[in-house]
Amino acid sequence: MDPRIATPDNAAPGVLSGVPDKPSVDGLEEKWVARWASEDTYGFDRDAALQAPREQIYSIDTPPPTASGSLHVGHVFSYTHTDIVARYQRMRGKHVYYPMGWDDNGLPTERRVQNYYGVRCDPALPYDASFEPPGDAAAAKSDRAQLPLSRRNFVELCMQLTEEDEAEFEKLWRRVGLSVDWSNVYRTISESSRATAQRMFLQNLARGEAYAQEAPTLWDVTFRTAVAQAELEDRERPGAYHRIAFHSADGPVFIETTRPELLPACVALVAHPGDERYQPLFGKTVRTPLFDVEVPVVAHRLAEPDKGSGIAMICTFGDLNDVTWWRELQLPTRAIVGWDGRILADPPPGVPAHPYDELAGKTMFSAQARIVELLRESGDLEGEPKQITHPVKFFEKGERPLEIVTTRQWYIRNGGRDADLRDALIARGREIQWVPEHMRHRYDNWVEGLNGDWLISRQRFFGVPFPVWYRLDESGEPVHDEPILAPDEALPVDPSSDVPEGFTEDQRGKPGGFMADPDVMDTWATSSLSPQVASGWDTDPELFAKVFPMDQRPQAHDIIRTWLFSTVVRAHFEHGTVPWSHATISGFVVDPDRKKMSKSKGNATTPIDVLERYGTDAVRWRAAGARPGADSPFDEAQMKVGRRLAMKILNIGKFVLGLGAGSVDLSSAATQITEPIDRGMLTALAAVVDEATAAMEAYNYTRALEVAETFFWSFCDDYVELVKSRAYRSDDAAASAQAALALALSVQLRLFAPVLPFVTEEVWSWWQTGSVHRAAWPSAGELPAEGDPAVVTVAAAALSAVRKAKSDAKQSMRADVETATVTATADQVPLVEAVRSDLVDAGRIQLLTIVPGEGDLRVDVVLAETPEA
RNA sequence: GGGCGCGUAGCUCAGCGGUAGAGCUCUCGCCUUACAAGCGAGCGGUCGCAGGUUCGAACCCUGCCGCGCCCA
């Protein structure tokens, strides 16, 4: 038995057995986490839910945390927000479908495995069944020292490490008190998730919503993978404008460029159609310096007259504008940038071998240096390069500027190239209830700014492969136009080890044989299916029909453009609906400098430490103080306040139950409550219940907590102080107080239960059966409606005035008052009279006089003589 | 450059047309039989600035200034 729990022998007289002598918040997590698990308090009753009407179900599309990462206080806050809502909905009697997922898919896991084991994936290597990871991982930090191993071995390590990580995460989440149904956990890399992702992809493909295309693509040269628009970020980088002369019959035409090394890739010059300076040149041609290639001068609205000389070279491809110009003006392609970010060995057609050979194989940096030398020698560089800083596109996880490389990639349509689809997706956004409301602008903003379809293929290893092979023709070239798709019953497949029907493994990579599609899906392409994966689209259609579209998608605001949007796209195509009715957007926890807390910045606070020092309830209390969508600073002083509230709930519970409230029959309590102040207090509580309920319905858990808490402190400090001596007695007036205390405790424990699950459960367990978390959310109907709350406020004001007199006289609150004269308005006089006896007891007043008067309530106090110290 | 949000007490934030609020901090008290990891009392603000609407503006409107985030 827990030593903190008092046995009947040492329990205080009149206190229920099981109530500890000295309640403590410490140790409650261990006790209740174990009990909730063994009693399956948060289990989802599938059979009952299937019988229930849809509105009796509440389903949550929990964000699967990145298993390879580590959790910080920010995660604890946002997951707590969701849990508060889940607990509330459960208490409202709903079947709460609240699974947990792990995102163990993608680049972060790859990197973690590389660093943890000191290995790297080399897809060319064969599988080694006896492979054991090196024990001494720390020694192998540098890229060169990493041990190469096959893709299958690498993926096995990914699976292994993420499983360990996930076990740790689960332990932490349980300690945080998440009321997740832990029998329902999914992994984004699991067989069923892979099957879902592949099946959904094939559906998209069959309906024409997915397609492959050879096209210029933003390319990270470090990771050697394509990246999507959503993964871009602009960074300010130094650069220089080079003023370069193109040659025409009428003399030189000067352009200014930050990328002179792309000169051999130039296919045209472009100026704005309204730019009078260049009107005469439109439709004519000029010749490039050094290479002497003839290129047209064209007009396009995207050219910026006030940038540089107002005329620019179009290269294939220097930036996204080049891609637009190339596409819209139907220009030729002269690609010179390779997958490794170096200049290709051979010049594009029409470009002379010399001086191209001076650049071939060079990095962009050295190529630029060399071409500047050449231009200077030929006299085509005018003046010195002008240093500037300008925004350059980067992969958000990358360290080198992106290049644009023409590759074959898979895309899903997202409205970036289709106005009708874009409008339909914006309309979907309007069907979603956003919390807070203004977050929908982020969505609209993003969808309206899309400039291409969603690129979903990545040239990586640990992810869901495309379930596709290609036949190889007689010369060994893949026939991309006729992809071989995996049959539905075979999913999930790994085309790099599975063989398509009609072929044998020894035909892999041979002319006349086949090859696998080498790519894996982008992490968002798989996580965009979290509602389908979590709800059993692929595994439990009956359940899926019941819980989808889901009720809530909780997430942070930084991934509205990625996770949220892509989820909407997939549901729109597959189901013709939104994926959920509500999107609840939590803010960040920021450090004292208002910087987002993140592990990479080194300013993250480890949650376990905070949870241990202040207790889970204290941390959850602080989390609940951060309103939906609002960033909130991490401040340890606030945790202490939460801890104090948790302690207070334990203490008031113990006290109230000890006063006799523990033996009150709650079902008939209302009939025993006769004293005006008791009825007034409960009627005030009824209003609090209504307000808290309305706030919770609007997902405003902060407001719900605030009203409950304000009431609670005044309940403890004023009401309980006023009635406690009466409650000690054994007459009808005592019974009234005891019944009121019991009702108030029951209601308040339930109001606090979603935010403070541990202490409320502890106190509940002292006198009730079952879990408070399965009890009904309180309703105003449980409480007397006709009491006058003003009785409590007037009595509290009078008591406060008496306290002030004692405090001013530097006396103990126990000091006797000889006379107290309350001056109150005519309306208030009967109210004060109604609490006369309680007031006299609480204030230790020998003679209380109540007189009518004007203005605010006033109490004139004469303290009794103090005995000489 | 566009969008969104935010500027209220030293700090964190409520309030969003009717006499400026809470918690923390700070100060001064109090062994008070639920709680000293507690309790009581107090100090503290021209509500970013400037106009406007109104009998009345922290709140509504306009324009600035500052901060943050998202997108170009």
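Quick caveat: nothing in here was measured; it's all calculated off a predicted structure. Within every chain, numbering begins at 1; the chains are lettered A, B, ... in the order of the sequence lines, protein sequences first and strands thereafter.
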Complement of [N], any strand, by Watson-Crick or G-U distances under 3.5 angstrom:
| N | answer |
| --- | --- |
| B/U19 | none |
| B/C28 | B/G40 |
| B/C4 | B/G68 |
| B/U33 | none |
| B/A9 | none |
| B/A58 | none |

Taking only side-chain N and O atoms of [X], does any of them lie within less than 4.0 angstrom of OP1 or OP2 on [N]?
| X | N | answer |
| --- | --- | --- |
| A/Q811 | B/A41 | no |
| A/K22 | B/A36 | yes |
| A/R803 | B/C30 | no |
| A/K648 | B/C39 | yes |
| A/R644 | B/C24 | yes |
| A/R561 | B/C71 | yes |
| A/S807 | B/G42 | no |
| A/K724 | B/A34 | yes |

If you measure from the [atom1] atom in [N] to the same atom in [M], how many Å do you get, rounded?
| N | M | atom1 | value |
| --- | --- | --- | --- |
| B/G48 | B/C65 | C1' | 7 Å |
| B/C61 | B/C28 | C1' | 47 Å |
| B/U46 | B/G5 | C1' | 26 Å |
| B/A9 | B/C49 | P | 11 Å |
| B/U53 | B/A58 | P | 16 Å |
| B/G1 | B/C59 | P | 28 Å |
| B/U62 | B/C71 | P | 27 Å |
| B/G42 | B/G23 | C1' | 16 Å |

Closest to the [X] side chain, choosing from [options]:
| X | options | result |
| --- | --- | --- |
| A/N651 | B/A34, B/G3, B/A41 | B/A34 |
| A/F655 | B/G40, B/A72, B/A34 | B/A34 |
| A/K804 | B/A37, B/A41, B/A14 | B/A41 |
| A/R442 | B/U12, B/G3, B/A41 | B/G3 |
| A/K810 | B/A34, B/C28, B/A72 | B/C28 |

Across the strands shown, which category fits [X] at heavy-atom distances under 4.0 angstrom: base, sugar-phosphate, nothing?
| X | value |
| --- | --- |
| A/D558 | nothing |
| A/T710 | nothing |
| A/E709 | nothing |
| A/N445 | base |
| A/D444 | nothing |
| A/W713 | sugar-phosphate |

Do [X] and [Y] come within less than 4.5 Å of each other through their side chains, counting heavy atoms only?
| X | Y | result |
| --- | --- | --- |
| A/L745 | A/L657 | yes |
| A/E396 | A/L232 | no |
| A/F712 | A/I652 | yes |

Would you mind writing out the side-chain donor-acceptor pairs for residues 838-846 of chain A within the sub-3.5 Å range, not counting sequence neighbours?
unit_1 : atom_1 : unit_2 : atom_2 : d
A/D838 : OD1    : A/R726 : NE     : 2.9
A/D838 : OD2    : A/R726 : NE     : 3.3
A/D838 : OD2    : A/R726 : NH2    : 2.8
A/D841 : OD2    : A/S725 : OG     : 3.2
A/R844 : NE     : A/R814 : O      : 2.7
A/R844 : NE     : A/D816 : OD1    : 3.4

Item to check | Position toward the 5' end of RNA chain B (nearest nucleotide), A/L232 or A/Y728 | outcome: A/Y728
Checklist entry - Would the A/W434 and A/Y443 ring centres measure less than 6.0 Å apart? => result yes
Item to check | Centroid-centroid distance, A/H438 to A/H441, less than 6.0 Å | outcome: no
Checklist entry - For the residue pair A/F715 and A/Y719, does the interplanar ring angle fall in the parallel (under 30°), tilted (30 to 60°) or perpendicular (over 60°) class? => result parallel
Next on the checklist: Does the plane of the ring in A/H81 sit parallel, tilted or perpendicular to the ring in A/Y701? Use 30° and 60° as the thresholds.
Outcome noted: parallel
Next on the checklist: Between the base of B/A72 and the side chain of A/Q229, is one N or O donor paired with an acceptor at under 3.5 angstrom?
Outcome noted: no
